[in-house]
Number of protein chains: 2
Amino acid sequence: MLKLSRMTDYAVVVLARLSAEDEVQTSPSVASSTGIPEPTVAKVLKTLAAAGLVTSFRGARGGYRLSRPLSAMPVADVITAIDGPIALTACVDGATGGCECQELCCMRGRWNGVNEAIRRALGAITLADMQKDGRLMPPPLHGAAGATPQIHVPAAE
Amino acid sequence: MLKLSRMTDYAVVVLARLSAEDEVQTSPSVASSTGIPEPTVAKVLKTLAAAGLVTSFRGARGGYRLSRPLSAMPVADVITAIDGPIALTACVDGATGGCECQELCCMRGRWNGVNEAIRRALGAITLADMQKDGRLMPPPLHGAAGATPQIHVPAAE
DNA sequence: GGTAATCAGGACCAACCCAGTACAGTTACC
DNA sequence: GGTAACTGTACTGGGTTGGTCCTGATTACC
């Protein structure tokens, strides 16, 4: 179904949450304001930090902060950070491990163009774009976890 | 990963194989000429027939034939036929079953744009394009890396 | 009319991958 | 030095996917 992993979905939500405040936020606080389980948020943030999308601060009063604004963060970067390089099939440049039927496969190498098209499409859309185009701001979300502050579209630019 | 299922990969190979000859071909013959296991080929062909991409003929001397030329067959159609509608996340228009955290999810509906971009990209590329850009039919097939520049696995990351 | 070849439509199973959890270790602030 | 927070790894349960098999329906050939 050509779908991306739930972790990537979480990552986008987490990044959007981080962008809502300018100060360092801990994973428990992000978890409570997004509704995503704490350990999972921690896992996502660790991965994002390893990829350089967020900056981590260790120790007491540590936490995470965006390392660049959402407007400079293409969706492709997030997907790559979480799921690894974008490669539709095993036969694509950059994919690890070739397919075992290369000898017979008359289509080898033919996915590269398709893959490239998708990379371009995903590289052209930033997280800031995603926030904008939805334009339906989250309505007053009631009740959960007591956190009301939410995404305001940053004066991204 | 954002990768599509192996079945889709097989489908493309099978369709390319069908296009190589103009007459009806049986699934065993397609299997032997592609190297894909017979039962799997049969499964793929059945699915493709249900989606209308190939036409089936029952009975002795039956088989399958392309119902339209590859140049009129976008990659998106093949993916949709095998894997179902293209929907990156559960939150996308057309996806079945919403995600359970809609109340908190500040990103709901935001994937639509991304999804749409991918659909466009995949809808604009036909299987004939894939054959072309790979710069030709599989010449003598044995996979000496010398003549086939494409498949190196850089394991970039 | 009988037989063989072929598709149609399931059910079924094993293997793999992913999401989520837990725990021990490391770093930095107070 | 104690505490709070990130870092890294290992484990497990569940779901999905790939692949196989079986039975029935349909058609061509003898």
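- Within the 4.5 Å cutoff, the side chain of A/Tyr64 has no heavy atoms near those of the A/Thr26 side chain.
- The phosphate of D/dC6 (OP1 or OP2) has a side-chain N or O of A/Ser27 nearer than 4.0 angstrom.
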Scoring nucleotides 19-29 of chain D by protein non-hydrogen atoms under 4.0 Å (B base, S sugar-phosphate only, - none) yields BB---BBBBSS

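- Taking atom CG on A/Leu4 and atom P on C/dC18, their separation rounds to 13 Å, with Å as the unit.
- Rounding to the nearest 0.5 Å gives a distance of 7.5 Å between CD of A/Glu21 and OG of A/Ser29.
- Straight-line distance from the CD1 atom of B/Ile82 to the C1' atom of D/dG18: 13 Å, rounded to whole Å.
- In this structure, the separation between OG1 on B/Thr8 and CD1 on B/Ile82 is 5.5 Å, given to the nearest 0.5 Å.
- Listed nucleotides C/dT6, D/dC6, D/dG18 differ in distance to B/Ser5; the shortest reach to its side chain belongs to D/dG18.
- Between the CG atom of B/Asp9 and the P atom of D/dT17 there is a distance of 15 Å, rounded to whole Å.
- Regarding contacts with the backbone of D/dT7, a side-chain N or O of A/Ser56 is found under 4.0 angstrom from either OP1 or OP2.
- Summarising the geometry, the separation between CD1 on A/Ile79 and P on C/dC18 is reported as 15 Å, rounded to the nearest angstrom.
- D/dA5 atom P lies 13 Å from atom CD of A/Glu23, rounded to whole Å.
- Atoms OG and CG, on B/Ser19 and B/Leu70 in that order, are 4.0 Å from each other to the nearest 0.5 Å.
- Expressed to the nearest 0.5 Å, how far CG of B/Asp77 lies from CZ of B/Arg68 amounts to 5.0 Å.
- A salt bridge does not link B/Arg6 with B/Asp83: none of the charged nitrogens is closer than 4.0 Å to a carboxylate oxygen.
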